[in-house]
Every structure is written in structure tokens, then in C-alpha cells.
Chemist: 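Please find one structure pasted underneath; my questions will follow.
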2 protein chains.
Amino acid sequence: MKRPRIYNNPENCPVLHTAHILGSKWNPVILYCLMNGNVRFGKFTVLIPTISRKVLSEQLKELEHHGLIIRKVYREKPPRVEYSLSPKGLSIIPVIDAMCAWGRGDMENPASLSVYPKQEISDH
Amino acid sequence: MKRPRIYNNPENCPVLHTAHILGSKWNPVILYCLMNGNVRFGKFTVLIPTISRKVLSEQLKELEHHGLIIRKVYREKPPRVEYSLSPKGLSIIPVIDAMCAWGRGDMENPASLSVYPKQEISDH
DNA sequence: CGGGATCCATTTGGATACTG
DNA sequence: CAGTATCCAAATGGATCCCG
């Protein structure tokens, strides 16, 4: 059976739509962190040590902007900010789970080691 | 139940791993195109009119490099090149399907219309 | 603590022209 | 047809300093 070729129009392509909202490569892992519960800004920098504070801040704003996460400020001293998944963010968990499952399998699969073949297919 | 915090180490984080292999926002939709069968280079530019030939070429090479797609050259005239999913590419279909399903739901859901609240984007 | 503002190097990506 | 090569503008991302 043939799937509709709605990716003809990026505005109407659900895959492109999701990819756009999931955005950069960091957003899935940020959502992944939040699947365990609320996370503070500083905690992210510990959980994902390879992301800079600037990029983290940008990605968090983007996710909040798209309605996937909720930012809650506690006016204490020192100030505390907690991020959590919104209902919409919760709804995207199956996507993150699918990514997690595939990634786990791929990292364990020895076949992945033969991933870099000689791309010499032509005789040129 | 607490999930292991393996995202402490990006090398061992399956979500980050998948995000890295899925790469740019174009790769999921490229794989999506291939779920219907083989696709030629020029066909991609029709299916995804908003991607440039240069970027398309780069993404295809990246996907082939990661072993998700297979590039087959038919020495005819005019030359013909067909891309298809490898077994590894086939194995990632559930991820694409999850993205597709969520994206379809999100595009239909009126709640998505209230996605852009107060927050002003000052940067660009 | 949780950022924002700024500076700057690197990367990305579009446009165009060219090739086998 | 299926790309590659080149140029160049724009976006990205790290480092650093500052602030409430």
C-alpha cells in the first residue's frame, strides 16, 4: 500500500513537522532527561556535560516555545528554576522511547561495527 | 522506577546516539521517502522541494556512511542512481513511524495553535 | 543559581557554474 | 541525470563577563 506523499509539502509533512519541533540533536535528550521528573537548569549541565550553557538555554527556550516543556521559577535564594514535561511533551515520549530503543540496539549490535564500508561502488 | 542516567556520558546515551545518526532535520524525511521503495536522486528534489541539491547530496552520503541507506548506480544513459533502505535503515522505521504519528496528531490538534505564547524571541 | 550580552571562530547552506 | 566545485552570506556555538 502506498503512503500519501504529503512530504511533497513540508508544511504538511508530519515527519518534517516532528523533526522541526524536535529541532537540534539536543532536544530529544533534554526531553529524555525530563522523563524521570523535574530537572533544574544546573542539573542539565551535569546530565549532559557536553552541552554548553548557552546552547542549553536556547534549546530549553525553544522547547518551551513549542509547548513541550514547562518552566517554573521558584523565587528563593539562591533562585531555583525547574523544567518539566507539559502534556504535549508527555505525548511525544513514544518518539523518544523509539529513539532510545533503536539506539540501544544499534549500540549493542556488532553489525554496527561494519558501518563504514568502502563507499567505492563504482569503478571510477 | 528510575531510568539509568546513562546520558551522563553522550557516548553511552542511546537517545543521543540515535539523534546523532538521524542527524539533521532532513534525514528523517529522507528515510521516510524511502519507506515506499527506491528513490532516485532527482526524485528527492521533487518530494522535498525545500532541500537544496547540495544539502541533499551531503545528507545522502551521511546516511550511506552510517549504513542506513544503500546507493546503487546503474551505468546507463542518462545515468541512474537509486537509493534504498539497508537492513539497518529498515530497523529504524519504527522511529520514523513514531515521528510520523506524533506529527500527524500534533498538526491536527487545535491545542497546537496555542503554542506560541508571550515569550518574545529577541534574537532573530 | 540561572541565566543574558557580547565577541568571535567555525560551520552551514544557498546560488551558481561545471562535469561525466 | 546525478552529482561536484567554488564562492560567500548567514547561522551556529564556544568562551567570557556580567547581573538579579
Side-chain angles (χ1 to χ4, degrees), chain A residues 10 16 19-30 33-34 37-66 68-84 118-124, chain B residues 10 16 19-30 33-34 37-66 69-84 117-124:
Chain A
L16 208 46
H20 180 253
I21 287 187
L22 236 35
S24 80
K25 65 173 178 179
W26 294 115
N27 289 3
V29 90
I30 287 174
C33 291
L34 291 170
N38 297 8
V39 175
R40 298 172 61 170
F41 184 88
K43 189 68 175 297
F44 279 115
T45 67
V46 176
L47 295 176
I48 318 172
T50 47
I51 192 175
S52 71
R53 296 168 69 84
K54 179 192 175 186
V55 172
L56 172 62
S57 174
E58 290 168 350
Q59 299 307 301
L60 287 172
K61 272 197 285 191
E62 186 182 315
L63 286 171
E64 184 194 9
H65 185 247
H66 282 115
L68 294 182
I69 67 174
I70 296 170
R71 178 177 182 269
K72 185 160 188 182
V73 181
Y74 297 88
R75 303 215 161 272
E76 310 167 350
K77 51 177 185 176
R80 178 161 62 104
V81 177
E82 286 195 349
Y83 293 89
S84 59
K118 31 282 152 196
Q119 40 195 18
E120 297 288 344
I121 292 184
S122 66
D123 50 354
H124 187 297
Chain B
L16 208 46
H20 181 253
I21 288 187
L22 237 34
S24 82
K25 64 173 179 180
W26 295 115
N27 289 2
V29 93
I30 288 175
C33 292
L34 290 171
N38 297 8
V39 176
R40 299 172 60 170
F41 185 88
K43 188 69 175 300
F44 279 115
T45 67
V46 176
L47 295 175
I48 317 171
T50 48
I51 194 174
S52 69
R53 296 169 68 85
K54 178 192 175 186
V55 172
L56 172 62
S57 173
E58 290 167 348
Q59 300 306 301
L60 287 172
K61 272 196 283 190
E62 185 181 316
L63 287 170
E64 185 195 7
H65 184 249
H66 281 115
I69 66 175
I70 296 171
R71 178 176 182 269
K72 185 160 188 182
V73 182
Y74 298 87
R75 302 213 160 272
E76 309 167 346
K77 51 179 187 174
R80 178 162 63 103
V81 176
E82 284 195 350
Y83 293 89
S84 59
K118 63 280 169 180
Q119 191 91 346
E120 283 283 17
I121 319 173
S122 52
D123 280 336
H124 42 262

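In what follows, chains are A, B, ... by sequence order, proteins preceding strands, each numbered from 1.
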Chemist: Which distance, rounded to the nearest 0.5 Å, do you find between the OG1 of A/Thr50 and the CH2 of A/Trp26?
Modeler: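 The distance works out to 3.5 Å.
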Chemist: Can you check the A/Glu62 CD to D/dG13 C1' distance for me, whole Å?
Modeler: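 From A/Glu62 CD to D/dG13 C1': 14 Å.
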Chemist: Measure CG/B/Leu56 against C1'/C/dG13 and give the value in whole Å, please.
Modeler: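 About 13 Å, once rounded to whole Å.
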Chemist: Tabulate protein N/O versus nucleotide N/O from nucleotides 8-10 of chain D, keeping only pairs under 3.5 Å, one per line.
Modeler:
none

Chemist: Start with the C-alpha distance between A/Arg71 and A/Leu60, add both sets of side-chain angles, then the distance that settles side-chain contact (heavy atoms from CB on, under 4.5 Å), and finish with yes or no.
Modeler: CA-CA 9 Å; A/Arg71 178 177 182 269; A/Leu60 287 172; over 6 Å; no
Chemist: Sugar-phosphate atoms are those with a prime plus P, OP1 and OP2; base atoms are the rest. Using that split, label each nucleotide of nucleotides 14-20 of chain D B, S or - for protein heavy atoms under 4.0 Å, 5' to 3'.
Modeler: BB----B
Chemist: Could you check B/Ile48 against B/Val29 for side-chain contact (heavy atoms from CB on, under 4.5 Å), going step by step and ending with a plain yes or no?
Modeler: CA-CA 8 Å; B/Ile48 317 171; B/Val29 93; 3.5 Å; yes
Chemist: Looking at A/Arg53 and C/dG2, is any side-chain donor or acceptor paired with a base atom of the opposite kind under 3.5 Å?
Modeler: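 Yes, a donor-acceptor pair under 3.5 Å.
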Chemist: Looking at every non-hydrogen atom in both residues, tell me the closest pair between A/Gln59 and A/Ser24 and how far apart they are.
Modeler: OE1-OG, 2.7 Å
Chemist: Taking CG from B/Leu60 and P from D/dC1, how many angstroms apart are they, rounded to a whole number?
Modeler: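 So the two atoms are 16 Å apart, to the nearest Å.
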Chemist: Parallel, tilted or perpendicular: which fits the ring planes of B/Tyr83 and B/Phe44, with parallel below 30° and perpendicular above 60°?
Modeler: perpendicular
Chemist: Without decimals, in angstroms, what is the distance between B/Arg75 CZ and D/dC1 P?
Modeler: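 The answer, rounded to whole Å, is 17 Å.
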Chemist: With a cut-off of less than 4.0 Å, is there a side-chain N or O of B/Ser57 near OP1 or OP2 of D/dT4?
Modeler: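 Yes, B/Ser57 has a side-chain N/O under 4.0 Å of OP1/OP2 on D/dT4.
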Chemist: Between D/dG3, D/dC1, C/dG2, which nucleotide gets closest to the side-chain atoms of A/Arg71?
Modeler: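 Among the listed nucleotides, the one closest to the side chain of A/Arg71 is C/dG2.
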Chemist: Any donor and acceptor pair, going by atom type alone, linking the side chain of B/His66 with main-chain N or O of B/Glu62 inside 3.5 Å?
Modeler: yes
Chemist: If I take atom CZ in residue B/Phe44 and atom P in nucleotide D/dC1, what distance separates them, rounded to the nearest angstrom?
Modeler: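 That distance rounds to 16 Å.
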Chemist: Whether the side chain of B/Asn27 engages the backbone of B/Leu22 through a donor-acceptor N/O pair (distance < 3.5 Å, no angle test) should be reported.
Modeler: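 Yes, the answer is positive, given that a donor and an acceptor are paired below the 3.5 Å cut-off.
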Chemist: Between B/Gln59 (CD) and D/dG3 (P), how many Å, whole number?
Modeler: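 Atom CD in B/Gln59 sits about 14 Å away from atom P in D/dG3.
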Chemist: Please name all residues satisfying side chain to side chain donor-acceptor pair (under 3.5 Å) with B/Glu58, sequence neighbours left out, ordered by chain then number.
Modeler: none
Chemist: Starting at atom OH of A/Tyr83, determine the distance to atom P of C/dC1, rounded to an integer number of angstrom.
Modeler: 15 Å
Chemist: Can you tell me whether the side chain of B/Arg40 and the base of D/dA2 have a donor-acceptor pair closer than 3.5 Å?
Modeler: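 Answer is no: no donor-acceptor pair is held.
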Chemist: Kindly give the heavy-atom pair with the smallest separation between B/Leu47 and B/Cys33, and that separation in Å.
Modeler: CD1-SG, 3.9 Å
Chemist: Take atom CG of A/Asn38 and atom P of C/dC1, then tell me their distance rounded to the nearest Å.
Modeler: 18 Å
Chemist: According to a strict under-4.0 Å criterion, is A/Lys61 in side-chain N/O contact with OP1 or OP2 of C/dG4?
Modeler: yes
